[in-house]
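Read through the structure below, which is laid out as structure tokens, and then see the notes.
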There are 2 protein chains.
Amino acid sequence: MRESAQVLAEVPTQLSPQELIGTLVEQGMLTDPASPRGRLLNAAARLFEQRGFARTTVRDLAAEVGILSGSIFHHFASKEQILCAVMKEVTIFASARMRSAAESAGCPQEKLRACIQSELEAIHEQAVPGFSILVMEWRSLSEESQEEVLQLREEYERIWLDAIVAAKCPGDDPALVRRLLVGALSHTYSWFEPRDRGLTIPELADRTFHIFTP
Amino acid sequence: MRESAQVLAEVPTQLSPQELIGTLVEQGMLTDPASPRGRLLNAAARLFEQRGFARTTVRDLAAEVGILSGSIFHHFASKEQILCAVMKEVTIFASARMRSAAESAGCPQEKLRACIQSELEAIHEQAVPGFSILVMEWRSLSEESQEEVLQLREEYERIWLDAIVAAKCPGDDPALVRRLLVGALSHTYSWFEPRDRGLTIPELADRTFHIFTP
DNA sequence: AACGCTACCAAGCAAGCGCTTGGTATTCAA
DNA sequence: TTGAATACCAAGCGCTTGCTTGGTAGCGTT
């Protein structure tokens, strides 16, 4: 987060993650992370990301927030509804972050680079806890839940497509470029170690950008 | 089937899938698909790919080959060992296919394009049933099993790296290009429909190739 | 004929799963 | 002071899970 400031150094209007979350909570778009439901959602995002949805039990989740397993169903109708809620809130938060990143970019090239970096930050370094769940656990959702999340995702994907079109990637097929990028970026979850001193997220974003837009 | 045979595989090029499988079975690298164990592995590959490992029960698998669930453990020690065996055989088969494709290419550019197409064929259209499991269910494997599969995968990845180096992709980082390609290609499983009249696999391979090597 | 081997069945166990039920402590507005 | 709402506990139900056990039918070899 902080290192990305090199590009937009003199723009103090950017919101911090906490401020962004606060704004979204006030607008009623996100659950207050301090509420019982919010604490459950945050813990679920962490656990589903680490262990996977199927390998996380409601007892694991309950223990994580310090309650008993049955008490979970005072807040959610089913385990699948928890996954659905996590995906929705993650999508909303990631969209706001992505829009903020895209808007503060100067030229079209810089905009696409900012999108790539924003998604990498979402996947790694806890910028958006649970983001990788969107790809990895998609098939764990019922079709109705998939539809709900898909609608929320439209804004996110529109920002991406705009950036790709403007940056004029080769191949003349922005939708294909995006689809390849989704896979390429989300798969970094399996190999990229942000703690490595070898490669930082801005550097990885830069290299990826130059491979897709030479 | 055993790991020592990996280096010794001398498979002539231009074989049909059935002939290729037959050759590998004769060399003892693959389980005979007509044997009980082979039928179980094929069924497991299909089910794990369709429903995911966690959502496939041993009863599902047994029913698929027409036996009772307990009888499975006459052939495998555990459910996880089935997944491990599937991944090993898939890797061996995909490696042989990939090498055959790479060797029959003329120029370096054509070689990389052939690799891309070979992996796309493996993911889709049942050329290598269960190939996408290698990425999607990686975390369902124990660490010891991961190590076993990883060793078998080395040959496969060496072919890829050679092709990328020779094709001179932008960015001057062949390992990164491969890692982005792994994600990009495996993610096509979630959106590409080979039955669509809109885009065939060779066309998709071509477009992907031109995005990564403009 | 007796043996050993492979492939399987029939039955079920122990553990773990998501989820339900009935009740309690606390808070806060009326 | 009462009553409704919230957040949770305690206990456990019904079911599914991976896997085990003891036994058997068929088959090729000796």
Side-chain angles (χ1 to χ4, degrees), chain A residues 25 28 30-87 133 137 139-145, chain B residues 1 25 28 30-87 133 137 139-146:
Chain A
V25 168
L30 284 190
T31 303
D32 183 358
S35 70
R37 183 189 154 99
R39 271 183 276 123
L40 270 172
L41 286 177
N42 279 333
R46 242 180 298 126
L47 290 179
F48 292 167
E49 190 158 60
Q50 281 169 19
R51 312 185 196 177
F53 177 70
R55 285 178 295 278
T56 303
T57 71
V58 293
R59 285 167 178 84
D60 293 335
L61 179 52
E64 191 79 2
V65 298
I67 60 176
L68 292 190
S69 66
S71 308
I72 285 182
F73 300 92
H74 183 70
H75 303 279
F76 295 95
S78 69
K79 188 191 173 192
E80 195 242 341
Q81 282 297 304
I82 302 176
L83 177 62
C84 180
V86 166
M87 285 192 175
I133 299 174
E137 299 295 346
R139 295 197 304 173
S140 301
L141 271 189
S142 68
E143 288 199 13
E144 305 92 70
S145 299
Chain B
M1 197 29 225
V25 169
L30 285 189
T31 303
D32 183 358
S35 70
R37 184 189 155 99
R39 271 184 276 123
L40 270 172
L41 286 176
N42 279 333
R46 242 179 299 127
L47 290 179
F48 293 167
E49 190 157 61
Q50 282 169 18
R51 314 185 195 177
F53 177 71
R55 285 179 295 278
T56 303
T57 71
V58 292
R59 284 167 178 82
D60 293 335
L61 178 52
E64 192 78 3
V65 296
I67 61 176
L68 291 189
S69 68
S71 308
I72 286 183
F73 299 92
H74 182 70
H75 303 279
F76 295 95
S78 68
K79 189 191 172 192
E80 194 244 343
Q81 281 298 306
I82 302 176
L83 178 62
C84 180
V86 166
M87 285 192 174
I133 299 174
E137 299 295 345
R139 295 198 304 171
S140 301
L141 271 190
S142 69
E143 288 199 15
E144 306 92 71
S145 298
Q146 285 186 5

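Throughout, protein chains are lettered first and strands after them, A, B, ... in sequence-line order, and every chain is numbered starting at 1. Keep in mind it's a predicted model, so treat the numbers as computed, not measured.
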key: Arg51(A) CZ to dC17(C) P, straight-line distance once rounded to whole Å   = 10 Å

request  = Name all residues meeting the side-chain contact (heavy atoms from CB on, under 4.5 Å) criterion together with Ala85(A); count only those two or more places apart in sequence or in a different chain, and write none if there are none.
outcome  = Arg37(A), Leu41(A), Phe76(A)

key: Residue pairs passing the ring pair (Phe, Tyr, Trp, His ring centres under 6.0 Å) test where at least one lies in residues 36-70 of chain A, sequence neighbours excluded   = Phe48(A)-Phe53(A)

key: Separation of dA10(C) P from Ile72(B) CD1 (nearest whole Å)   = 15 Å

query = Once you round to the nearest 0.5 Å, how far does OG of Ser140(B) lie from NZ of Lys79(B)?
reply = 8.0 Å

Set out, line by line, the N/O atom pairs under 3.5 Å between protein and nucleotides 3-7 of chain D.
| from | atom 1 | to | atom 2 | distance (Å) |
| --- | --- | --- | --- | --- |
| dA7(D) | N7 | His74(A) | NE2 | 3.2 |

inquiry  = Without decimals, in angstroms, what is the distance between Leu68(A) CG and dG16(C) C1'?
reply    = 17 Å

request  = Grab the CZ-P distance between Phe76(B) and dC8(C) for me, whole Å please.
outcome  = 12 Å

What nitrogen or oxygen pairs link the protein and nucleotides 18-23 of chain D at under 3.5 Å?
| from | atom 1 | to | atom 2 | distance (Å) |
| --- | --- | --- | --- | --- |
| dG18(D) | OP1 | Lys79(B) | NZ | 2.9 |
| dG18(D) | OP2 | Val58(B) | N | 3.0 |
| dG18(D) | N7 | Arg59(B) | NH1 | 3.0 |
| dG18(D) | O6 | Arg59(B) | NH2 | 3.0 |
| dC19(D) | OP2 | Lys79(B) | N | 2.6 |
| dC19(D) | N4 | Ser69(B) | OG | 3.2 |

note = In this structure, CG of Leu61(A) is separated from CD1 of Ile82(A) (nearest 0.5 Å) by 5.5 Å

request  = Could you pull out the closest heavy-atom pair between His75(A) and Leu40(A), with the gap in Å?
outcome  = CD2-CD1, 3.8 Å

request  = Could I get the full list of side-chain contact (heavy atoms from CB on, under 4.5 Å) partners for Arg139(A), not counting sequence neighbours?
outcome  = Arg55(B), Met136(B), Glu137(B), Tyr189(B)

ask   = Got a second to check how far Asp32(B)'s CG is from Arg39(B)'s CZ, nearest 0.5 Å?
value = 9.5 Å

task = For Glu80(B), check side-chain contact (heavy atoms from CB on, under 4.5 Å) against everything at least two apart and list the hits.
result = Ser78(B), Leu141(B), Ser142(B), Ser145(B)

